[in-house]
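Below you'll find the structure, written out as structure tokens, and then a few comments.
If you read the sequence from its start, that first residue is 1, and numbering goes on from there. Predicted, not measured: the structure shown is a model, and the values here were computed from it. First listed ligand is number 1; within each ligand, the first listed atom is number 1.
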Amino acid sequence: MSNSSNLYNNLLKDAIENRNKLSNKTIVEIRKLYDNVANDLVKKLSTAKGGFTKAWLADYERYVRYKMLELDNELIGLTRDSIKSSAEIAASVQGDFINYINNKYNLNIDNKIIQFAYNTNSKVIGQIIQGDFYKDNRSLSDRIWTYSNGTMKDIQYVLAKGMAEQKSYLEMIKDLEKYVSPGAKKDWEFNKVYPNLKNKRVDYNAQRLLRTSMNHMFYCQNVDNAKNNPYAEAMHWQLSAEHGVRQVNRFGEDECDDYANNDYYNLGQGNFPINKVPVPHPNCLCTQTIIISKSLDEIGRELGQWINGKDIKYLDEWLKVA
Ligand SMILES: [Zn+2]
């Protein structure tokens, strides 16, 4: 591997770590949001002094709806920001790479080009948020609303069942608490009493959506970087270090093994033309690395000559895009 590929892919590795740190941190925030809603819902339920009359429950449902709308808005904002940050983290790989070469060889590359290297693809950000990226075309907010609808139905179900079975006031509060608290463990007994719950864990969907959309964004921006890097020749499917333990030993090989072990395009094993890299499946931990065959010295020399007026066609093209 050339030292330029090495540099680029090390920057990529750091970026992936940063992205994972950010998604873990955001998931803690998501959990807090659910915790707060859970506290409010339980507190409000405890105020039913006159017992759970139909009128009181109708009122309570309105309160639940209001709390869920509030939660939705916060989740949408949080997830949207995280998608944008994921794009920025991925784009920084390209920016830092060009910047490194610029400094190492004192090139004085036009600031416009350096900025271009750090740019995120706002079109793809929009497609992931608006849903055009996905086959079902569903937007981020639409998905989050659907989760909340499920949660609201579940809450109604728990309360209706408790009333029908004439559970005590305290039992009903305890059951609701068990359902709405992201941290509370729903034991076998609970799931047996409420077999028709849509969500087994109240915050699971929001967490999964956050991770998946951040990963999709990162993948798209990473491919976009390669497209806009005049020295990138191909991309390489690199299996995650945990692929053997998490996937192969337990379930056998999956499509990632196909991608990593085949040479579909005569570019070498596991290599793909930049516009043909497959989209990773959900929860995939593989990395799409970049292949650059020119060394840092060669790239530095060439860029230097180009800046000093030499005609280099693909660098002229690059300037046009920037
Ligand atoms: Zn994979």
Test log, rule side chain to side chain donor-acceptor pair (under 3.5 Å), inputs N3 and S295 = CA-CA 6 Å; N3 61 353; S295 69; 4.7 Å; no
Protein N/O/S atoms under 2.8 Å from the Zn ion (ligand 1): how many?
-> 3
Presence of salt bridge, R201 and D203, under 4.0 angstrom | yes
Are side-chain heavy atoms of Q207 and R31 found at a separation under 4.5 Å?
-> yes
May I ask you to decide if D258's main-chain N or O and E253's side chain share a donor-acceptor pair within less than 3.5 Å?
-> no
Spatial distance of atom CG (D224) from atom OG1 (T120) [nearest 0.5 Å] = 9.0 Å
So does K178 pair up with D187, basic N to acidic O under 4.0 Å?
-> yes
